[in-house]
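Notes follow the structure.
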2 protein chains.
Amino acid sequence: MTTTGPLRTPRSRVTIRDVALAAGVSVATVSKVVNGRDGIADATSERVLGVVADLGYESSLVATSMRRRRTGVVGVLVAEFEPFALQLLQGVSEALQGTDYDVLAYAGSVSEGDHVGWERRSLSRLGGTLIDGAVVVTPTVAVPTSVVPAVAIDPHTGPAGPATVDTDNLAGARLATEHLLSLGHRRIGHLRGRGDLVSAQLRERGYREALADAGIAFDERLVAEGGYRRAEAAVAAAALLSSDEPPTAVFAANDLSAIETVRIATERGLRVPDDLSVIGFDDIPDATACSPTLTTIRQPLHEMGAAAVRTLLDMLSGGEGGHVRMPAELIVRESTGAPRA
Amino acid sequence: MTTTGPLRTPRSRVTIRDVALAAGVSVATVSKVVNGRDGIADATSERVLGVVADLGYESSLVATSMRRRRTGVVGVLVAEFEPFALQLLQGVSEALQGTDYDVLAYAGSVSEGDHVGWERRSLSRLGGTLIDGAVVVTPTVAVPTSVVPAVAIDPHTGPAGPATVDTDNLAGARLATEHLLSLGHRRIGHLRGRGDLVSAQLRERGYREALADAGIAFDERLVAEGGYRRAEAAVAAAALLSSDEPPTAVFAANDLSAIETVRIATERGLRVPDDLSVIGFDDIPDATACSPTLTTIRQPLHEMGAAAVRTLLDMLSGGEGGHVRMPAELIVRESTGAPRA
DNA sequence: CTGTTAGCGCCTTCAA
DNA sequence: TTGAAGGCGCTAACAG
């Protein structure tokens, strides 16, 4: 820290040129040696490799990918590193073990705010150069596939575009509602998800259909806007619970909303599940960490990640893509029970 | 797929040149407009911006970072996307909200196997170009800081190098052992972590010290090698439980090992915690998802991620780095209880 | 105000 | 068997 000259050179990274210089060969030769191209004398090769080891040279992923077609890296593009995306990431990563692909995850809207269209931006910025293909998590708009093969997981627009993986939201919502019905509930509330998302619409439809099948009339007063988000869900839950005839059970469109509902109910002195049953959707890790643990509809996130990888690998070798729909599963835990009396 | 000519041009990504061509200006001008440099006529600027929007142009992160010094991206380098790393990643990501840094996570040994030294490789490949700084999760060797500022979380070598964040492993292990002692256990087993890691050594030392303080002689037969890994831990747990005088409680060096221990015990008809108490270390999400839920020593992973970010940001603006040690916390759940009779 | 020139680090022809 | 030249997409100097 003594010399703060105009040209700060903090022992920059070792480049191919440094290796070439030290080995007394040309840059091209080093490149060939490092990449195992043949047509190099054994002696030269050894010498170069020695220098490479000495200097700790590693080719720059960035420079390499600019010049080469293939990088051997699959990108997982997310808006934000939240539990849902992280589970998916884990599934993707596991499925990629044993292949010759590395995984790179990129959160595109960390510094930009909730900018809709982050997926397009990320895909353009990374695609064609850094990554050979992408798994895009919960894209808000159609994923352009022109830049690089991409498969969308749980796309907000439903199965549009060449390749998607999602969960059977309709069946899942029916499962949730039927579970509450089978426990004896008749006044069942619903906390909607974000109205502009296909998944939320399907979850509400499943709720309505299950009610109809059970011969229960739909009651608009039992439904509120949870928006898939904590804050919004809290307000909605409070409204629902303070109505004249509050529900005895609530189906929240996702676990985040469900957890908020439990919190609000508890604050008001209601016991879950004795006074109020709550069921969520997703089965994020928090669903088992909260108290009481949350009954929910599980989306098989790991398997979805793996399915996305299969589709992507297929596309990378010329395949067409396709749509995969995973089953939803009811996970009964502590937050649901029979209504009182 | 009809024309497989020598020059495959599958609607490649839109480059700055396409924009320049379409707008009838030079490449440099487009660059200036896009980057908000001044000295451009309003008319030109507007026209270029129009074309940019039309074509959906986004600058390539790779190309940009080759030319520029700063990329505005912080890298989180992990060996593998497993729960521990993912929690940390979430902490890092949250702490970076509101700054103008994006997050990029890279798993360096997915395609390469357990190659020791993945951190050096990843750092060299990404550093200096793609990322401005790095948070390296559980590096196995000293992290070279020459390429780019880097802070190591839970380094296997202990607080070496310019910047690290870790948990007080010694105190944590004492907490764990003292918890079992306070429940009345006297024959307490230990599943070691990987012997070459400082964290594992400290955890064993904490265990021994706590026993000594309680006046209990150390018994080598109550200790086995769990290696921090599922498979190895299963074997070790089986050995421990089938000894002549099996322990009534086990302190496993991490949650993964603890969960395996519970599984093995259950298989053999032991009830946890009635017949055997088990305590882990880490508090990964699985610790609440298993049954019975796991008593453990919590490492504050989110906070550690945040601490790493603080240190890194400081280094990025010329700071020196430093060592942060976080407290460990006992989380009592269902897997521990008093010994029978 | 705008275009030209010169690379960033690397890989791939093509000559020598 | 090796080296020189060109260029991937972009930006930072410098000319015009």
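Throughout, protein chains are lettered first and strands after them, A, B, ... in sequence-line order, and every chain is numbered starting at 1.
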Scan nucleotides 6-8 of chain C against the protein and return all N/O pairs shorter than 3.5 Å with their distances rounded to 0.1 Å.
unit_1	atom_1	unit_2	atom_2	d
C:dG7	N2	B:R67	NE	2.6
C:dG7	N2	B:R67	NH1	3.4
C:dG7	N3	B:R67	NE	3.4
C:dC8	O2	B:M66	O	3.4

List the residues meeting side-chain hydrogen bond (donor to acceptor under 3.5 Å, both in side chains) with [X], not counting sequence neighbours, and say none if there are none.
X      : result
A:R67  : none
A:T29  : A:S26
B:R68  : B:N35
A:S199 : A:Y228

Report the distance from atom CZ of B:R13 to atom C1' of D:dC10, rounded to the nearest whole Å.
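Those two atoms, CZ and C1', are 10 Å apart.
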How many whole angstroms separate atom CZ of A:R70 from atom C1' of C:dC11?
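Interatomic distance, CZ of A:R70 to C1' of C:dC11: 16 Å.
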Could you tell me which residues satisfy side-chain contact (heavy atoms from CB on, under 4.5 Å) with A:V92, sequence neighbours excluded, listed by chain and number?
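Partners of A:V92 under the side-chain contact (heavy atoms from CB on, under 4.5 Å) test: A:V76, A:L96, A:V135, A:V309.
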Name each donor-acceptor pair under 3.5 Å that joins a side chain in residues 157-166 of chain B to protein atoms two or more places apart or in another chain, with its distance.
unit_1	atom_1	unit_2	atom_2	d
B:T164	OG1	B:H323	ND1	2.6
B:D166	OD1	B:R325	NE	3.0
B:D166	OD1	B:R325	NH2	3.4
B:D166	OD2	B:R325	NH2	2.9

Would you work out how much the helix from C:dC1-D:dG16 to C:dA16-D:dT1 bends between its ends, with each end axis defined by five base pairs, to 10 degrees?
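It comes to 50° between the two terminal axes.
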Check salt bridge (Lys or Arg N to Asp or Glu O under 4.0 Å) between B:D314 and all other residues, then give those that pass, not counting sequence neighbours.
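Residues passing salt bridge (Lys or Arg N to Asp or Glu O under 4.0 Å) with B:D314: none at all.
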Quick one: salt bridge (Lys or Arg N to Asp or Glu O under 4.0 Å) partners of B:R120, sequence neighbours excluded?
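Salt bridge (Lys or Arg N to Asp or Glu O under 4.0 Å) check on B:R120 returns nothing, list empty.
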Is any side-chain nitrogen or oxygen of A:T64 closer than 4.0 Å to OP1 or OP2 of C:dC11?
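Answer yes for this pair, as a side-chain N or O of A:T64 is under 4.0 Å from OP1 or OP2.
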Is there a donor-acceptor contact under 3.5 Å from the side chain of A:E80 to the main chain of A:E82?
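No; zero donor-acceptor contacts below 3.5 Å.
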Scan residues 21-44 of chain A against DNA chain D and write down, sorted by residue number, each residue with any heavy atom closer than 4.0 Å; if none is found, say none.
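Close to the strand are A:V25, A:S26, A:A28, A:T29, A:K32, A:G39, A:I40, A:A41, A:T44.
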Using residues 41-59 of chain B as the side-chain source, report each donor-acceptor pair under 3.5 Å to any protein atom, sequence neighbours left out, with the distance given to one decimal.
unit_1	atom_1	unit_2	atom_2	d
B:R47	NH1	B:A23	O	2.4

